[in-house]
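Counting begins at 1 with the first residue of the sequence.
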Amino acid sequence: MAAAQPKAPVGAAAARRLARGCWSAFWDYETPKVIVVRNRRLGVVYRTVQLLILLYFVWYVFIVQKSYQDSETGPESSIITKVKGITTSEHKVWDVEEYVKPPEGGSIFSIITRIEVTPFQTLGICPESIRVHNATCHSDNDCVAGELDMLGNGLRTGRCVPYYQGASKTCEVSGWCPVEDGASVSQFLGTMAPNFTILIKNSIHYPKFQFSKGNIAGRKDDYLKHCTFDYVSDPYCPIFKLGFIVEQAGENFTELAHRGGVIGAIINWDCDLDLSASECNPKYSFRRLDPKQVPASSGYNFRFAKYYKINGTTTRTLIKAYGIRIDVIVHGQAGKFSLIPTIINLATALTSIGVGSFLCDWILLTFMNKNKVYSHKKFDKVCTPRWSTSSWPVTLALALGQAPPPPRHCSQAQPPNPLSGQEGQQA
């Protein structure tokens, strides 16, 4: 009697069945099946979702965002600035050559509104500033000869000497003397500064669309000599008063002139090139850029010196300048109709409308009372006939659509269809 064949483990057989089922399902084809469900509430949900999606694409995507256009951001830009005006301080009259730094007329420049002057500095020895860390002393033992403080004003000599005023003492240094806070004099230049005029000449170019434009009116008369900027009457006269810029930035001019600050003059070129070139106009805005709410870092100042000789001795005047720095910033975006983004966004819109069908199918198959009936009606399995296609008559019949009908059932019996027989596949 032949020996019994060993049986394969149950787990291995189940794994093979699962693998065969997955492999067979991989080659299945799924096609949508249309079922008309006469349910008013479900229909309201379906049409509402479709309407919201349609409104989103029509209003926001196409009208607001103009997604039918090809766009370019960040135009090529050229900026030329020029400041005019005179002002006075307690001791002299100041003109443009003295209070505008740098004088080249670029996109970043400073207008000096207050100075602290330390005149007649020469190379020598003098008391260190009392504001320098560890500069105060009581005796020479507190001062180390040859020590150099990076935040100080010179090389320490090792002596403790009386300060410029008061009873305090500081370490003596070798450098430019007297030091800044020991003999500085403050002068305010901001009396007439609000009336300074600033010309901001700007030209932009969008290379993708070969479009160029400037912010000055193309007139041959002396228009610029008599105009100042106005949003309504003179939008193409880019001559601004300094007081107007500070006011538009929401700042107090006197306070800003004393402590200094940074103002951004922002020019925005948003151009719809489907319209005429006259509709592409610059829009100006102004705001403060330095953080005035942080006292440690607010304000703006810088130092420079003027050198000369007195009786053969090199002498300088050190000036600590407070002022209003203007940063001209240009940005923008241009757009023009293009077929490719239009087709892409239309296809996206039409595809997104299908979200309503997906949502309603989920409600239909999950929450409706007859969800099992709907599920049986919606999902059908159709099997191909299991005849041999090796002979040419069967192959020809298949190609001509004249083959006999396939078997009624697949390997598994289909569930009963409670809605069968109803014409039009309605539920």
Side-chain angles (χ1 to χ4, degrees), residues 83-104 108-133 135-136 149-155 161-166 168 170-196 198 242-243 246 252-263 290 295-326:
V83 182
K84 288 187 177 181
I86 60 172
T87 187
T88 60
S89 65
E90 290 81 350
H91 304 286
K92 60 177 290 188
V93 175
W94 297 74
D95 60 9
V96 175
E97 287 72 16
E98 294 181 288
Y99 64 74
V100 175
K101 303 290 180 181
E104 289 83 4
I108 300 177
F109 59 94
S110 301
I111 298 176
I112 298 173
T113 52
R114 185 171 72 90
I115 59 173
E116 292 179 358
V117 182
T118 307
F120 307 116
Q121 280 190 324
T122 58
L123 291 172
I125 55 174
C126 56
E128 176 62 284
S129 170
I130 200 170
R131 292 183 292 183
V132 175
H133 182 64
T136 57
D149 192 328
M150 290 295 103
L151 299 180
N153 294 281
L155 188 68
V161 297
Y163 196 55
Y164 299 94
Q165 63 268 352
S168 301
T170 60
C171 294
E172 187 181 60
V173 294
S174 174
W176 287 97
C177 296
V179 297
E180 184 178 47
D181 62 330
S184 62
V185 178
S186 178
Q187 300 181 38
F188 184 66
L189 286 66
T191 304
M192 303 296 295
N195 295 319
F196 292 168
I198 304 172
L242 182 59
V246 174
N252 179 274
F253 190 90
T254 303
E255 179 182 345
L256 189 66
H258 273 88
R259 293 184 55 84
V262 182
I263 300 293
D290 63 305
S297 61
S298 66
Y300 172 72
N301 63 78
F302 60 95
R303 291 175 175 83
F304 63 96
K306 296 180 178 180
Y307 292 87
Y308 49 93
K309 286 185 178 292
I310 298 179
N311 298 326
T313 302
T314 301
T315 308
R316 77 176 188 182
T317 296
L318 178 65
I319 300 174
K320 182 179 181 181
Y322 296 82
I324 301 173
R325 195 180 89 173
I326 306 294

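Taking the side chain to side chain contact (heavy atoms under 4.5 Å, CB included) definition, one finds that S110 meets it with Y300, F302, R325, sequence neighbours left out. With sequence neighbours excluded, the residues forming a side-chain hydrogen bond (donor to acceptor under 3.5 Å, both in side chains) with W94 are S89, listed by chain and number. F188 is linked by a ring pair (Phe, Tyr, Trp, His ring centres under 6.0 Å) to H258, counting only residues two or more places apart in sequence or in another chain. Residues meeting the side-chain hydrogen bond (donor to acceptor under 3.5 Å, both in side chains) test with T317, sequence neighbours left out: Y308. Scored by the side-chain hydrogen bond (donor to acceptor under 3.5 Å, both in side chains) test, Y99 finds no partners at all (sequence neighbours excluded).
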Take I319 and I112 through the test side-chain contact (heavy atoms from CB on, under 4.5 Å) and record every step on the way to the result. CA-CA 11 Å; I319 300 174; I112 298 173; 6.0 Å; no

Trace of the side-chain contact (heavy atoms from CB on, under 4.5 Å) decision for H133 with L151: CA-CA 8 Å; H133 182 64; L151 299 180; over 6 Å; no

Test L256 against I263 for side-chain contact (heavy atoms from CB on, under 4.5 Å), laying out the working first. CA-CA 10 Å; L256 189 66; I263 300 293; 4.2 Å; yes

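Residues V246 and N252 share a closest heavy-atom pair of CG1-C, 4.4 Å. Of all heavy-atom pairs spanning T113 and A193, the tightest one is CG2-CB, 4.5 Å. Heavy atoms only, all atoms of each residue included: T191 and T88 are closest at OG1-O, 4.3 Å. The two residues I86 and F196 make their nearest non-hydrogen contact at O-CE2, 3.6 Å.
In this structure the side chain of W176 reaches within 4.5 angstrom of the side chain of T314, judged on heavy atoms. Residues I310 and F120 have side chains in contact (heavy-atom distance under 4.5 Å, counting atoms from C-beta outward). With contacts defined as side-chain heavy-atom distances shorter than 4.5 Å, the pair Y322/E116 qualifies. A heavy-atom distance below 4.5 Å is found between the side chains of I198 and I111. Under the 4.5 Å side-chain criterion, counting only non-hydrogen atoms from C-beta, S186 is in contact with R114.
Applying the salt bridge (Lys or Arg N to Asp or Glu O under 4.0 Å) test to residues at least two apart or on different chains, none of the pairs has a partner in residues 252-261. Each salt bridge (Lys or Arg N to Asp or Glu O under 4.0 Å) pair with one or both residues in residues 305-315, not counting sequence neighbours, would appear here, but there are none.
For the pair T315 (side chain) and T313 (backbone), a donor-acceptor distance under 3.5 Å is present.
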Going by atom type alone, with no hydrogens or angles, which donor-acceptor pairs under 3.5 Å involve a side-chain atom of residues 121-129 and a protein atom two or more places apart or on another chain?
unit_1, atom_1, unit_2, atom_2, d
Q121, OE1, R316, NE, 2.7
Q121, OE1, R316, NH2, 3.2
Q121, NE2, P178, O, 2.7
E128, OE1, N153, ND2, 2.7
E128, OE2, N153, N, 3.0
S129, OG, R131, N, 3.2
S129, OG, D181, OD1, 3.0
S129, OG, D181, OD2, 2.7

